[in-house]
Amino acid sequence: MKFPFKDVVFGTLCAGALGFLTWANANGYVLFGQATKHTPQHSNALYHK
Amino acid sequence: MDKDLDSVTAPAASPGSALRPGVVTLRCPNCGGTVLVRAPGKSLSVACQSCGSVLDLNGRDVANIVKYDKPRIAPKIPIGRRGTFRGQTLECIGFLLKEEDGYRWQEYLLFNPRIGFRWLVCDAGHWNFCTPIPAAPIAGHRAFNADSLDFEAKKFKRYHIGRASVAHVEGEFYWRVRRNDAATSCDFVAPPYMVSVERSEGEMVWTRLEYIEPGEIAESFKITETIRTGAAANQPNPHDAHSKRVNKIALLTAALAVAVQLYFVIAFPAKQVLKESFSSVLKEPGPVTLGPIEFKHRTAAVELRTYAPVNNTWLDIDAELVNTDTDESYEFTQSIEHYSGVDSDGAWSEGSTNLSSMIASVPKGSYVLLLQPSSGAYGSYGPYKGPIDVTLIRDAHSWSAFLVVLGTIALYPLFVFVRRRSFAKRQWENSEYSPYASDEED
């Protein structure tokens, strides 16, 4: 039986997807999140008015 | 010229002779050429290898059934070739070229003294090994009306009913075969098997066909491997095994994804950390400051839910969540719009009085929430002047990453499914009973 190369690649992709999901949940990552993060040097909005 | 079979004897074997014990020779009454009979006593007809005339081996006499002057067509397995196929030695003793509506295929009669006769069918480079079925799976008169039949614990679907005739004959056969002999047949498929019933002169013959890879035939009979075209009716779908494996991997991954998502939802439940209400009309210039709010334990998503009963106007809120320890801030804008009215079609409304915004990866720490509302007139309606309710939720769970992961892992199995189905549709495109016929009509 020849080596199931495509299955290995797909399995690796699935493992990567699971890893991403775990990381996203562990870090509160949101796809299509609405906020823009500003560091203190670049913060220019309400807090400093 | 008739020939007395008793006067014919097998020649003495000589080194390198191709003749084997049991083979007898006779002379063709048509052309005088030598005719070999490889299954004497079992074969009832034999085709002369020189001129193609079909001879009747009728006991002691050899009668000319049909005289031929047609050129021979070279069979893929030469007459007389022996091969070992799945542990059995079989000799090719006969070759038929069959024809139906201009379409042709080849049939090879194989013989083994212990097991008797078998057939190999070659159609567009695809091979089937045929064994007789002694007991009919269903009654003969029902065979040509049945949509399916059950045999060997499998369901066979009807594939084709047709009438084929003999276009060319070589070698010997266990019946008196003639060119243009015709028979009606009905084929049922359950890949890699097929069941075929043939009806001619009131007789019904049932045959079991098994799809064989061309490489196996080439190795068994030492011939050139045939090149296949199209998809045979009972050819195993080459994507079946791969599809099963891919689906297993995808389902396992989906189950694990659900488990991961549920773990975080249950282990880190969403918590309301702030609920306030204020007027959109500010007494003092500058943003409304809410907090301090303490985010404990870990980096997590934060959700701001805002409610304002606007009607026929809009309300924008510039929001900023600021870490009072590090001065890092998260800025976003919420736009709440809601319009309603009555027209000739009745009451209508659009927009919403609720809005939710997700902020990703907010580290633990002490925060304040700054909100700057603004509103304007819309038509005859003035700016919004009313309460604004805000709720801040820590450890908010977004399902967007989960859905994207599920969508991504479904892509490849979907691709494999399409390929598998495409092959199956090609298999059935020559059948008038295709289950995919409605797809093509659409």
Side-chain angles (χ1 to χ4, degrees), chain A, chain B residues 242 245-246 249-250 252-254 256-257 260-261 263-265 268 285-287 289 298-304 318-324 326-334 357-363 368 370-372 395-398 400-406 408-409 412-413 416:
Chain A
M1 182 182 153
K2 65 177 187 180
F3 182 72
F5 178 74
K6 290 177 189 171
D7 296 352
V8 170
V9 170
F10 179 59
T12 305
L13 178 73
C14 288
L18 274 178
F20 165 74
L21 183 66
T22 306
W23 172 86
N25 275 286
N27 290 279
Y29 180 72
V30 175
L31 272 169
F32 318 121
Q34 285 107 331
T36 305
K37 181 178 174 183
H38 288 283
T39 56
Q41 297 87 332
H42 298 103
S43 183
N44 61 353
L46 306 170
Y47 191 56
H48 297 284
K49 282 185 184 168
Chain B
H242 182 51
R245 291 196 305 266
V246 161
I249 295 170
L252 177 65
T253 306
L256 288 173
V260 164
Q261 187 72 13
Y263 165 74
F264 280 97
V265 168
F268 304 101
T289 302
R298 69 183 197 113
T299 299
V302 170
E303 183 184 0
L304 178 67
D318 291 329
E320 191 176 355
L321 185 68
V322 183
N323 187 320
T324 53
T326 63
D327 266 357
E328 283 180 345
S329 64
Y330 300 84
E331 295 174 24
F332 54 100
T333 300
Q334 291 190 324
S357 300
M358 293 286 283
I359 310 157
S361 304
V362 179
V368 291
L370 308 174
L371 302 169
Q372 177 70 64
D395 276 315
H397 293 285
S398 167
S400 57
F402 172 74
L403 291 173
V404 166
V405 162
L406 282 191
T408 303
I409 64 176
Y412 187 60
V416 174

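Reminder, nothing fancy here: chain letters follow the sequence lines and each chain counts from 1.
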Trainee: To the nearest 0.5 Å, tell me how far F20(A) CZ sits from T408(B) OG1.
Mentor: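 It comes to 8.5 Å.
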
Trainee: So which atom in N25(A) and which in R298(B) form the shortest heavy-atom distance, rounded to 0.1 Å?
Mentor: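 Looking at all heavy atoms of both residues, the shortest contact is O-NH1, 3.3 Å.
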
Trainee: Run the side-chain contact (heavy atoms from CB on, under 4.5 Å) check on R245(B) and F10(A) step by step: do they pass?
Mentor: CA-CA 10 Å; R245(B) 291 196 305 266; F10(A) 179 59; over 6 Å; no

Trainee: Considering only heavy atoms, which portion of V416(B) lies under 4.5 Å from any heavy atom of chain A: side chain, backbone, both, or neither?
Mentor: neither

Trainee: Can you measure from CZ (F264(B)) to OG1 (T22(A)) and round to the nearest 0.5 angstrom?
Mentor: 6.0 Å

Trainee: Report the option among A301(B), S361(B), A257(B), S398(B) that has the most heavy-atom pairs separated by less than 4.5 Å from atoms of chain A.
Mentor: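 Looking at each option in turn, the highest pair count goes to S361(B).
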
Trainee: So which part of A26(A) gets closer than 4.5 Å to some heavy atom of chain B, the side chain, the backbone, both or neither?
Mentor: both

Trainee: Give, for atom CG of L18(A) and atom CD of Q261(B), the distance between the pair rounded to the nearest 0.5 Å.
Mentor: 11.5 Å

Trainee: Quick check on A254(B) against chain A: is it the side chain, the backbone, both or neither that has a heavy atom closer than 4.5 Å?
Mentor: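 Neither the backbone nor the side chain of A254(B) comes within 4.5 Å of chain A.
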
Trainee: Write down the atom of V405(B), the atom of L21(A), and the distance for their closest heavy-atom approach.
Mentor: CG2-CB, 4.1 Å

Trainee: Given side-chain contact (heavy atoms from CB on, under 4.5 Å), test L13(A) with I409(B) step by step and report yes or no.
Mentor: CA-CA 8 Å; L13(A) 178 73; I409(B) 64 176; 5.9 Å; no

Trainee: Measure the NE2-CG distance between H242(B) and D7(A) for me, rounded to the nearest 0.5 Å.
Mentor: 5.5 Å

Trainee: Might you point out which heavy atoms bring I249(B) and C14(A) nearest each other, and give the distance in Å?
Mentor: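 For I249(B) versus C14(A), the nearest heavy atoms are CG2-SG, 3.9 Å.
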
